[in-house]
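Here's the structure we're looking at; comments come further down.
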Amino acid sequence: MELPRRKADDIYLPEGEFTAILERLRQYHDAHEFRIGIVYAFDFRTRMLPYWYADKRMAPCSVRTLADTLYAAGFKHVRVILQQWTPNFKPSEAVLDGRPLDMLLVSSMQVHADPSYDLVRDACRLGDKRPLILAGGPKAIYEPTDYFELGPEAGAEADCVITGEAYVLLNLLETVLKQRAEGESARDAFQRACRSGVLKEVPGLAYLTLDSTPERPIAVHTGVQRLLRNLDELPMPDAGYRLLEPPHRKTTLAPDPCPANKVHRHSMVASIIASQGCKFNCPFCPIPSANQRTWRHKSPERLAAEIKHIYENFGIREFFGTDDNFFNKRETVIALMEEMALATTGGNRLAHRIRFYTEGTHYDVYKNRDILPLCRRGGMRAIWFGIEDLTGKVVNKAQDADETAELFHSMSNMGVEPMVMMIHNDDQPLRSKQGSLAGLINQARYVFKHGAVSYQCTYLGPAVGSRDFEDAAKARMLYKSVGG
């Protein structure tokens, strides 16, 4: 069901708190020797168009941000492992800088949940020598207790689930390290903190009580996280690229991470956070509630500095903004793109050296189409549109077929590529009569005729974390198992 949110005056962290906790964690010098593996789970059964290329050519922003954050907090023995690059990796066999892992962080989307469970099970096979296992990512945010009692052996489970952003992890680490005895392992320190009850003061966690049993598991959820308002407090995207595990087929870790000058060969596209949140409240989408109905963005100076830093240090030229709706607020788009248009690198305009892609709704981009030339000067080369349905009958977000044609033609003329994302449901026919745009194929032909460069269509189903999911569950429309 849809996630709850904090009261309006308690949604955000205090200003400067993210920077402050990084400084406090830098004082725990003995803990900086912990070996930390951050794994992005990946299920190869999900490989399909339109993600067939990008899924292996873009190191995800989520796990890189964790590495940037931990490195800035003083933890130097960190490795980022992407299962799409190293599919055979086993935490139980991992040795990092001469020692087994002290902490295993597993991040997963819903569609990659099965491999993430396998990673947890494998780490648990080490028994008492297993690392502290923390699960996070969209799967964990919406269904945290799925990481408990995984089986088939009893006790195969994550120690704790992070149901929020990077600050929740930092808050957890600080709380645990305050309880840690000298020389104590990360997992023993976590259990000590669990026994003392201090973990209940960290919003955004889920964990089993120490008196839980496989027959009677008892989970604690500490409530909804507080959000970082000023995204500029996040560390610069650097360590996350320098600590990437190089692609291979082994079960162990390589002696060294991927060299910085070779990162662009494997991650040809850089995902970056420019803004987060969306003003729409579609019943099929869980994103607004996960962001507690907020909209946040980086400053123009910071966004330009990040893109310049990644380009100059790692040679990456393609940038994808992981925005939910980049055109959410006109003034912000203007400020960001003006700064991008002015930024330079090596005596040249940065926008002439890179390509910036983002996402936006048809309604907002059309309304702000007069600033698209500015966006083009700032390096924008493509926009992924959540058009959903040209007729507005399946999903109505104030889209219009004639406006779509007008917008796509003007975008094509200025060199900004329209990328179309549509939604299909049972009530939509495959084809409709001539002159009607009701049919799926009719809509696809229409957008390509008017300049779309790519097209993807997703079946409209009840996404976990959305209001539609609750209705579908109550109506008994969900299948627990199909064909095994």
Side-chain angles (χ1 to χ4, degrees), residues 1-21 61-62 65-66 69 107-110 134-146 160-172 175 199-207 219-234 272-299 302 321-329 331-333 358-361 364 386 397 462-471:
M1 61 185 68
E2 195 169 51
L3 294 177
R5 49 179 163 161
R6 302 184 75 91
K7 294 181 179 179
D9 60 353
D10 192 35
I11 289 177
Y12 295 110
L13 295 166
E15 193 73 22
E17 169 57 18
F18 197 97
T19 304
I21 198 171
C61 188
S62 55
T65 299
L66 289 179
T69 302
S107 177
S108 177
M109 297 175 64
Q110 291 278 355
L134 306 177
K139 172 63 183 179
I141 289 173
Y142 297 111
E143 297 180 309
T145 56
D146 282 6
C160 189
V161 179
I162 309 291
T163 66
E165 298 173 350
Y167 179 83
V168 180
L169 171 64
L170 298 181
N171 196 4
L172 170 64
T175 303
L199 294 183
K200 294 179 181 179
E201 305 303 316
V202 181
L205 301 180
Y207 56 90
V220 175
H221 196 301
T222 60
V224 182
Q225 66 168 330
R226 291 185 179 90
L227 298 174
L228 172 64
R229 185 199 297 266
N230 182 5
L231 298 181
D232 287 7
E233 290 189 47
L234 291 169
I272 58 170
I273 299 173
S275 65
Q276 288 186 285
C278 179
K279 64 188 176 188
F280 288 94
N281 189 22
C282 303
F284 60 83
C285 180
I287 290 172
S289 60
N291 284 284
Q292 302 188 52
R293 300 287 186 269
T294 64
W295 189 69
R296 301 169 285 165
H297 63 88
K298 287 180 177 168
S299 69
R302 173 57 185 264
T322 60
D323 307 283
D324 304 309
N325 185 7
F326 184 75
F327 289 81
N328 209 55
K329 193 173 181 181
E331 308 88 84
T332 304
V333 177
T358 188
E359 293 189 51
T361 63
D364 286 307
K397 293 164 68 174
V464 176
S466 68
R467 295 194 303 281
D468 277 353
F469 186 89
E470 189 169 359
D471 292 338

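Nothing fancy with the numbering, it's 1 onward along the sequence. Owing to the predicted nature of the structure, the values given are computational and were not obtained by experimental measurement.
Using modelled atom types, no side-chain atom of S108 and backbone atom of K139 make a donor-acceptor pair closer than 3.5 Å. With hydrogens and angles disregarded, no donor-acceptor distance shorter than 3.5 Å links the side chain of R229 to the backbone of Y12.
A search for side-chain hydrogen bond (donor to acceptor under 3.5 Å, both in side chains) contacts involving Q292 returns nothing, not counting sequence neighbours. For F326, the ring-ring contact (aromatic ring centres under 6.0 Å, His included) partners at least two apart in sequence or on another chain are F356. For K279, the salt bridge (charged side-chain N to carboxylate O under 4.0 Å, His left out) test picks out D364, with sequence neighbours left out.
Nearest heavy-atom pair, G465 versus S289, reported as atom, atom and distance to 0.1 Å: O-OG, 3.9 Å. For the residue pair T222 and K200, the shortest heavy atom distance occurs at CG2-CA, 3.8 Å. The two residues Q225 and E165 come nearest to each other via the heavy atoms OE1-N, 2.9 Å. Closest approach of V161 and P144 over heavy atoms only: CG2-O, 3.5 Å. Pairing each heavy atom of A463 with each of P286, the nearest pair is CB-CD, 4.5 Å. Of all the heavy atoms in L227 and R296, the pair that sits closest is CB-NH1, 3.8 Å.
Using a 4.5 Å heavy-atom threshold, the side chains of T69 and L169 count as separate. Residues D10 and R226 meet the side-chain proximity criterion, which asks for heavy atoms closer than 4.5 Å. At least one side-chain heavy atom of L199 sits less than 4.5 Å from a side-chain heavy atom of T175. Using a 4.5 Å heavy-atom cutoff, the side chains of P288 and D324 are not in contact. Annotation: side chain of Y142 is in contact with side chain of V464 (closest heavy-atom distance under 4.5 Å). You'll find the side chain of D471 stays beyond 4.5 Å of the side chain of P462, heavy atoms only. L172 is listed as a side-chain neighbour of I162, based on a closest heavy-atom distance under 4.5 Å. Using a 4.5 Å heavy-atom threshold, the side chains of S275 and W295 count as touching.
A salt bridge links E2 and R293; the closest N-O separation between the charged side-chain nitrogens and carboxylate oxygens is under 4.0 Å.
Taken to the nearest 0.5 Å, the CZ atom of R5 stands 11.5 Å off from the CG atom of N291. Distance check: R6 CZ to T294 OG1 gives 13.0 Å after rounding to the nearest 0.5 Å. Expressed to the nearest 0.5 Å, how far CG of L234 lies from OG1 of T19 amounts to 9.0 Å. Once rounded to the nearest 0.5 Å, the distance linking CG of L170 with CD1 of I21 reads 5.0 Å. Taken from CG in L228 to OH in Y167, the straight-line distance is 10.0 Å, to the nearest 0.5 Å. Rounding to the nearest 0.5 Å gives a distance of 5.5 Å between SG of C278 and CG of N328.
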message = Is there a side-chain contact (heavy atoms from CB on, under 4.5 Å) between E17 and E233? Walk through the geometry before answering.
response = CA-CA 9 Å; E17 169 57 18; E233 290 189 47; 5.6 Å; no
key: Worked verdict on V168 versus L205 for side-chain contact (heavy atoms from CB on, under 4.5 Å)   = CA-CA 8 Å; V168 180; L205 301 180; 3.7 Å; yes
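When each of N171, V224, T163 is tested with P203 by the rule side-chain contact (heavy atoms from CB on, under 4.5 Å), just one qualifies, namely N171.
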